[in-house]
Amino acid sequence: MSYITKSPWVIHYDGSSCNGCDIEVLACLTPLYDLERFGIVNTGNPKHADVFLITGGINEQSRAVVKNTYDQMPDPKVVVAVGICAATGGVFRECYNIMGGVNEVIPVDVYVPGCAARPESIIDGVVRALGILEEKRAKMAENGGDKK
Amino acid sequence: MIVQKHTIIEIPVTELLKKTEEYHAKGHRLVQIGCTPLGDRYEINYTFTTSYDFESLRLTVHDDDIIPSISDTYWGAFIYENELHDLFGFTVTGMNVDFKGHLFETSVPTPFKNMPSVTIVPKGGDKK
Amino acid sequence: MSNRIVVPFGPQHPVLPEPIHLDLVLEDERVVEAIPTIGYIHRGLEKLVEKRDFKDYVLIAERICGICSFTHSVTYCNAIEQIMGIEVPPRAQFIRTIWMEYSRMHSHLLWLGLTADAMGFENLFMNAWRLREEILDDMEATTGGRVIQGSSKVGGIRLDIPDEKLGEMVDHLKAIRPRLEESNRIFTHDQTVRHRMRGLGVLTKEEAWDLGAVGPVARGSGCDMDVRSSGYSAYGELGFKPITLPHGDCLDRCLVRSQEVLAAVDLVERAVAKMPDGPIEEKVKGNPDGECFAFTEQPRGECMHYVKANGTKNLVRHRVRTPTLTNIPPLVKMLAGIELADVPVVVLTIDPCIGCAER
C-alpha cells in the first residue's frame, strides 16, 4: 500500500448507472467498510477533491457534467471508474443513449470490476488510485508544482 | 398465480378528453401513459384504476398525429406526455408543464419513433 | 419587497447519490415553484428487447435499478409468465417473496439512513446502514449478490434456499429485530427528527390520489394503496396488511417506511413458516405471444412492466413505469411553499430512484 501523506478527499458522480455501484460506493463509507479510517472523506465539492469516483456509462446529458466536474478538480487528481458500465458501458453498451465507458470523456486511472462492484474491490481501487495520486504529486513537485 | 385484471378499451383520439374526464369524475387515478411503436402505427395506453383492477384507454395513432394533453384533468400527466414528445416525437398540445424536449435529452432524436417500413416506389416501378 | 430568483439544485449535489436537477424559483428563502429536469441517467434500455432474447432480458430488467433490482426482475417475469400461462411452483413464489421483502428491508434502511444524513443526523445514518449490512449478508449468502441478485428467471428461480438456511435467516432476523425496533423508536419519538419533518411538505390524501402518488408517499398521506394486497407471488397467503398513516407530511412518509421494515420481518417469518416443498422452476417452452401489464409493489411503490410479444424470441415492447416517475408530480406540489434549507429532506421523502425513473 502506498504511503499517504495527506487525507485524500473523494467526489462521487453517477454517470448513468443503475444505482447498484452508487450504493456500494456509499456502503464503503459506512460502518462495516469505513473508508474514513484511511482519512478518506466524501465531499460534494469538486474543488475539494483528489479522487473522482465515477459509476455508470456516459450518456448524452451526463458527459458535460462529468467533464465539468473533472476540470474543476485541482491537480494532481485521479479518476476511478467503478463497475463494468464505467469501464465499457456494460450490459447497456448497445443502448442508443450510452456512449460507452468513462474514458470516452476523461482519462481513467483505475478500473474497478464487478456488476455491481463490491465494496471490497472499490476500496482496493481507491487505495491503488492513491498510489497513482502520490506518483503524480511527486512528478508535479519535480516540475516545481506544474502539471507537466 | 394471481392474474391481475386489466380491461382495454379502444377509443378514437377525439374521445380521449371526454373519456378521461369521465374517469376523473368516477374517482380513478392515472396510473400511466405508455406508447408502443408497431411499425406503421403506435398504440398509446392510458391506464386508470381505483383499486387493483386496471382499465386502459387505447388510442391508435400514426406519425405526426397531434395528441391533446390530459393535464387539465390529471395534473401529473405532464411527465408522461413529455416522454411521448421526447422519445416518440408526438406533438402533445396544451401541456401544463412543457419541457420542450429537455426531459430526456438523447443522442438519437426520438429513439422510439418508427422507422419508415414502406419504401416509396417511384412512378414506373423500381428500375434497377 | 422580495425578488424572485432561480436557484439550480443538482445534478451533482452532496445530498443526492444520483443526479436530478431542480430549478427552484425562490422568493427570499421560500420556494415558490420547482421545475424538475431528469434524463441524466437515461440509457434507453427498453429498446434492448430488440436485441436480446426474452429470457436473457431478465438480467437487463434487473439492472433498471440497483436497489429495487430483484423486484424488477420478478415483475418482468410475472408479465412473461402471465402471457405464456406458466404456473410458477409455490416454493419459487415463496422464495421470491422472501427475497422481495429482503430487498424492501435493505432499500428502506438505506433510505432511512440517507434521510438521517440529509437532516445532519450522522449517528442515525451510520446505524441504519449498519443494520442494512446485516440484511445484505443474508441476501448475499442466499443469492450470491449484494445488490444485484440475478436469481429470478422466467418460470421460477435459479437457486433454492435450503431449509436449514431458512431457519438461520429467521434466527438472524429475530436477533436484529430489537435493533430495528430501536431505530423505529428513534424515528418515531426523537425530537430532532420530529422537528425537521413534522408538518413539512404536506400532501393531502386527495392531492396524493389525484397526482398519482404511489407507495409510501401515498400511504403516508392515508391512501390505502399497496399492490401486495392484490396477492401476487405469495402475498395472498401471508395475510398482508398495508401500513397507512394520516398526516401526509415528511415524518409520516418516513414512519411508513420505518414500520414496513418491521412488517417485512414478519412477512419473511410467516413465509418461512408456511414454506411449501417442491420444484423451484417450471420449464419454459416456446415464445410469448400477447401482451400483459404486470404490477408489483416495489420498496418505492407501485411498479408496472408492460410487455408486448409477437411469438418471436424478441419482444415487441417492454415499457416500465416506475414509482419515482409517477411520484415526481407530487414532489413538485410538496416543494412549493417550503424553505430552501428543507429542500433536500423533502426531495428525499419520495425516495427518488433516478435510475428507475429514467431507465
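Here is the naming used below: chain letters follow the sequence lines, and residue numbers restart at 1 for every chain. Hydrogens, waters and symmetry mates are skipped; everything else that's a heavy atom, side chains included, is used. Predicted, not measured: the structure shown is a model, and the values here were computed from it.
In this structure, A:Ile23 and C:Arg132 have side chains that are in contact, with non-hydrogen atoms separated by less than 4.5 Å.
Heavy atoms of A:Arg63 lying under 4.5 Å from chain C are absent altogether. The parts of A:Cys115 that come within reach of chain C are both its backbone and its side chain, each placing non-hydrogen atoms under 4.5 angstrom from that chain. Within the 4.5 angstrom heavy-atom criterion, only backbone atoms of C:Ile64 (N, CA, C, O) approach chain A. With a 4.5 angstrom heavy-atom cutoff, C:His72 does not touch chain A via any of its atoms. Residue contact with chain C, scored on non-hydrogen atoms closer than 4.5 Å, is absent for A:Ile58. Only the side chain of C:Glu140 comes within contact range of chain A, with heavy atoms under 4.5 Å apart.
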- Walk me through it: do C:Leu114 and A:Leu26 pass the test side chain to side chain contact (heavy atoms under 4.5 Å, CB included)? CA-CA 10 Å; C:Leu114 286 180; A:Leu26 266 178; 3.8 Å; yes

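Within a 6.0 Å radius of CZ in C:Arg158, more than 12 heavy atoms belonging to other residues, nucleotides or ligands are found.
With rounding to the nearest 0.5 Å, the separation of CG in A:Leu32 from CG in C:Asp137 is 7.0 Å. Rounding to the nearest 0.5 angstrom, the gap separating the CG atom in C:Leu136 from the CD atom in A:Glu24 is 7.0 Å. For the atom pair CZ (C:Arg63) and CZ (A:Phe92), the distance works out to 7.5 Å, reported to the nearest 0.5 Å.
Contact detail for C:Ile148 and A:Ala116: the closest heavy-atom pair is CG1-N, 4.0 Å.
Tested against A:Asn19 for a side chain to side chain contact (heavy atoms under 4.5 Å, CB included), the candidates C:Cys65, C:Ser69, C:Cys68 yield a single pass: C:Cys65.
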